[in-house]
Amino acid sequence: MSALLKSLLLFVSLYTAFWRPAVKSPAVKWVLGKDCTLKVNGSTNINKFSCIIPDYPKPDTLTIYGPDQNEPVQITGSMVLDVQSFDCHNLMMTKDLRRTLKQKEFPKIRISFINLSKYPDKGGEAELIKGTVNIELAGIKKRYSINYRTIPSGKAKLTLIGSQTINFSDFDIVPPRRLGGMIKTNDMLSAEFVLKVNILN
């Protein structure tokens, strides 16, 4: 056997022994439960307010790709909420918010999930991770980086609490005013959404 052939056989044996093809983890399905919520906190020049969509009757599904890798994971799927469902615990304020968000023309808010900085630790302790979403409101779509607090509940359930500051002006919306402009709503809102997830393997 020639020296060249021996070298080739040695290379092939070493390559076979140490090289392994990258194996992608199968996708995981997250089913959004009815107790998902969306809350926005804001303020005027005289007081503060809090408005909430208290539940989520539609069981949408998110698909998570690469859930076993300690690196960013991709997500497809979204949650679609009714502007009509906002409750500010004050009838006049609720009507003002729905009108400001152009409910008749754009009755839905869509939050589309793009990625997470890592897959949440199943069955472990609460942790902080980041993610990216697109928020579509009043006909305008904007991308945001979201801070999440994840709370696992066994291997099949998970809570994600996402928060971010947004502005009415991000969506070309003029903040509501009352009493001839004497009461002015500030542009900035603090948004928080709670995802209650059932994990399907």
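Since this is a predicted model, take the numbers as computed values, not measurements.
Nearest heavy-atom pair, I173 versus A138, reported as atom, atom and distance to 0.1 Å: CD1-CB, 3.8 Å. T63 approaches K29 most closely through the heavy-atom pair OG1-NZ, 2.9 Å. Residue R98 comes nearest to S85 through the heavy atom pair NH2-C, 4.4 Å, listed as atom of the first residue, atom of the second, then distance. Across all non-hydrogen atoms, the minimal contact from P175 to T185 is CB-O, 3.2 Å. The two residues L189 and G42 make their nearest non-hydrogen contact at CD2-CA, 3.9 Å. The shortest non-hydrogen separation linking E136 to K141 is OE1-CE, 3.9 Å.
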Evaluation steps, side-chain contact (heavy atoms from CB on, under 4.5 Å), between L116 and K118: CA-CA 5 Å; L116 294 172; K118 66 182 291 294; over 6 Å; no
Starting from the C-alpha separation in whole Å, work towards a yes-or-no answer on side-chain contact (heavy atoms from CB on, under 4.5 Å) for I114 and R143. CA-CA 9 Å; I114 308 301; R143 180 163 291 194; 3.9 Å; yes
Begin from the C-alpha positions of N198 and K157 and carry the test side-chain contact (heavy atoms from CB on, under 4.5 Å) through to its verdict. CA-CA 5 Å; N198 293 309; K157 291 184 180 294; 2.7 Å; yes
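Here the side chain of Y144 pairs no donor or acceptor atom with the backbone of G131 at under 3.5 angstrom. N41 places no side-chain N or O within 3.5 Å of a backbone atom of S50 that could act as its donor or acceptor partner. Using a distance-only test at 3.5 Å, with no hydrogens or angles considered, a donor-acceptor pair links the side chain of D187 to the main chain of S169. Side-chain N or O atoms of D55 include none that pairs as donor or acceptor with a backbone N or O of K34 at under 3.5 Å. In this structure a side-chain-to-backbone donor-acceptor pair under 3.5 Å is missing from R149 to I161. Put simply, the side chain of N45 gets close to the backbone of K184: a donor and an acceptor are under 3.5 Å apart. Checking side-chain atoms of S117 against main-chain N and O of I129 turns up no donor-acceptor pair under 3.5 Å. Of the possible polar contacts, one joining the T94 side chain to the C88 backbone as a donor-acceptor pair under 3.5 Å is found.
Put simply, the side chain of L195 does not reach to within 4.5 Å of the side chain of W30, judged on heavy atoms. Within the 4.5 Å cutoff, the side chain of L81 has heavy atoms near those of the Y56 side chain. Side-chain contact between V197 and T159 is absent, with no heavy atoms from C-beta onward closer than 4.5 Å. You'll find the side chain of K108 reaches within 4.5 Å of the side chain of D82, heavy atoms only. Contact of the M79 side chain with the F113 side chain is registered, since non-hydrogen atoms from C-beta on lie closer than 4.5 Å.
Taking hydrophobic clusters as Ile, Leu, Val, Met, Phe, Trp and Tyr residues chained together by side-chain heavy-atom distances below 4.5 Å, I52 does not share a cluster with M93. At a threshold of 4.5 Å between side-chain heavy atoms, the hydrophobic network of Ile, Leu, Val, Met, Phe, Trp and Tyr places L97 and F171 in one connected group. Both I140 and V40 belong to a single network of hydrophobic side chains, linked directly or stepwise wherever heavy atoms of I, L, V, M, F, W or Y lie under 4.5 Å apart. Taken together through direct or relayed side-chain contacts under 4.5 Å among Ile, Leu, Val, Met, Phe, Trp and Tyr, I146 and L62 form part of one hydrophobic cluster. Put simply, I166 and I111 are part of the same group of oily side chains (I, L, V, M, F, W, Y) that touch within less than 4.5 Å, one to the next.
Residues N134 and K142 bring no donor and acceptor atom of their side chains to less than 3.5 Å of each other. A donor-acceptor pair shorter than 3.5 Å cannot be found between the side chains of S163 and N147.
Between K95 atom NZ and Q103 atom CD the span is 11.5 Å, to the nearest 0.5 Å. With values rounded to the nearest 0.5 angstrom, T37 atom OG1 is found 7.0 Å from E192 atom CD. Distance CD1/I183 to CD1/I46: 4.0 Å, rounded to 0.5 Å. Note that NZ of K104 is 10.0 Å distant from CD of Q84, once rounded to the nearest 0.5 Å. Once rounded to the nearest 0.5 Å, the distance linking CG of L38 with CZ of F86 reads 4.5 Å. Annotation: the span from S78 atom OG to I109 atom CD1 amounts to 13.0 Å, rounded to 0.5 Å.
Note on ring orientation: taking the six-membered ring where Trp is involved, the planes of Y148 and F193 are perpendicular (angle over 60°, cut-offs 30° and 60°).
In this structure R99 satisfies the salt bridge (charged side-chain N to carboxylate O under 4.0 Å, His left out) test together with D96, sequence neighbours excluded.
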